Every structure is written in C-alpha cells, then in structure tokens.
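Note sheet for the following structure.
Worth saying up front: this structure is predicted, and the values here are computed from it rather than measured. In what follows, every heavy atom counts, from backbone to side chain, and hydrogens, waters and symmetry copies are set aside.
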Amino acid sequence: MDTTPLVRPGHQTVAIAAVELAERLHHLFPKAVVKPSEPYEDEDICLTVYGPWEGEELDRIRRQIYALEFEVYDKYAVEAMVKALPLSFLPGSGSSP
C-alpha cells in the first residue's frame, strides 16, 4: 500500500489560507467575481477579483485587498497576490480591452 501523504507539509496551510482568502473576498465584495490567476513570482496564492468598480472606488478596493493580503501573511505565513480589476476585464465578458 502506498503511504505517500496526500498533502505535503506546508501545502495544507496554503490551501486553508486560499479558502479563507476567497471567502473573505466574497464577503467583502459580494458582487465581485473571484478567479484564480497565473502565478506571479513566488506568491503561494494568486487571484484576480473582478468587480463593478472604477476610478477612486477601484483604488479603495485595492487598498482593502492589500491589507487583506497582509492579514493572510500574518496568520499563515503565506504570500498572496490579489489583483482587482473592473468587470469589463473579465475574460468572456465581451467588453475586454
């Protein structure tokens, strides 16, 4: 019988942090769409949040997300990169630039 663990040490922490981060994003921004994104440098979690915001509101959202990334790091020692973009950038929305 193969006794290889299903989850390697450290990966479970990343998974838990990813779920908590996604849940927090859905709670903070209920009208947003959260999608995984391509890995960026050495981040453990990479997400993109598309929402109904533009201009100054988008800047405010980005600051909230930046603070959330630090909360995740402080709690789990996991690095997250979350990009916030307007819904018009959502692939398949038909109005991508």
Side-chain angles (χ1 to χ4, degrees):
M1 174 186 251
D2 185 12
T3 59
T4 305
L6 293 176
V7 179
R8 289 177 273 165
H11 289 85
Q12 184 175 8
T13 302
V14 173
I16 292 168
V19 169
E20 184 174 314
L21 179 59
E23 287 177 347
R24 294 278 308 274
L25 289 167
H26 282 294
H27 176 75
L28 288 170
F29 314 114
K31 294 182 180 178
V33 176
V34 179
K35 297 266 189 185
S37 61
E38 292 295 320
Y40 182 81
E41 292 184 8
D42 292 333
E43 276 72 14
D44 299 302
I45 303 166
C46 295
L47 300 171
T48 303
V49 180
Y50 302 92
W53 44 63
E54 300 273 345
E56 288 182 25
E57 185 178 12
L58 179 58
D59 291 336
R60 183 183 59 77
I61 299 297
R62 286 180 173 155
R63 285 191 300 275
Q64 282 184 279
I65 289 172
Y66 188 67
L68 186 56
E69 290 170 344
F70 275 100
E71 287 177 31
V72 168
Y73 184 80
D74 289 344
K75 185 172 182 179
Y76 296 103
V78 168
E79 293 189 23
M81 167 69 78
V82 181
K83 296 182 227 173
L85 297 171
L87 278 172
S88 61
F89 283 72
L90 181 63
S93 69
S95 58
S96 296

Report yes if some heavy atom in the side chain of R24 is under 4.5 Å from a heavy atom in the side chain of I65; otherwise report no.
no
Does any pair with a residue in residues 12-33 pass ring pair (Phe, Tyr, Trp, His ring centres under 6.0 Å), and if so which ones, sequence neighbours excluded?
F29-W53
Here the side-chain hydrogen bond (donor to acceptor under 3.5 Å, both in side chains) pairs for residues 29-42, sequence neighbours left out, are none
Any heavy-atom pair between the side chains of L90 and T48 that's under 4.5 Å?
no
If you group Ile, Leu, Val, Met, Phe, Trp and Tyr whenever their side-chain heavy atoms sit less than 4.5 Å apart, what else falls in with V19?
none
If the condition is side chain to side chain donor-acceptor pair (under 3.5 Å), which residues does K75 pass it with, not counting sequence neighbours?
E20
Which residues share a side chain to side chain donor-acceptor pair (under 3.5 Å) with E43, sequence neighbours left out
none
Using the test side chain to side chain donor-acceptor pair (under 3.5 Å), find all partners of R60 that sit at least two apart in sequence or belong to another chain.
Q64
Any residue meeting ring pair (Phe, Tyr, Trp, His ring centres under 6.0 Å) with Y66, in chain and number order, not counting sequence neighbours
F70
Where do A80 and L21 come nearest, in terms of heavy atoms and distance?
CB-CD2, 3.8 Å
The reported gap from CG in D74 to CD in E69 (rounded to nearest 0.5 angstrom) is 12.0 Å
Which pairs, with at least one residue in residues 77-91 and sequence neighbours excluded, count as a salt bridge (Lys or Arg N to Asp or Glu O under 4.0 Å)?
none
Decide whether Y73 and V78 are clustered together by the hydrophobic rule: side chain heavy atoms of Ile, Leu, Val, Met, Phe, Trp, Tyr closer than 4.5 Å, transitively.
no
Just how far is it from atom CG of L87 to atom OH of Y50, taken to the nearest 0.5 Å?
10.0 Å
So, taking the atom named CG in L68 and the one named CD1 in I61, what distance separates them when rounded to the nearest 0.5 Å?
11.5 Å
Please report the shortest heavy-atom distance between P36 and L47, naming the atom on each side.
CA-CD2, 3.9 Å
Of all heavy-atom pairs between V49 and A32, which one has the smallest distance, and what is that distance?
CG1-CB, 3.6 Å
Going by ring pair (Phe, Tyr, Trp, His ring centres under 6.0 Å), name the residues that satisfy it together with Y76, two or more places apart in sequence or in a different chain.
none
Can you hop from L28 to M81 via hydrophobic side chains spaced under 4.5 Å?
no
To check you understand the geometry: which heavy-atom pair defines the closest contact between P39 and C46, and what is its length?
CA-SG, 3.6 Å
Qualifying residues under side chain to side chain donor-acceptor pair (under 3.5 Å), relative to R63, sequence neighbours excluded:
none
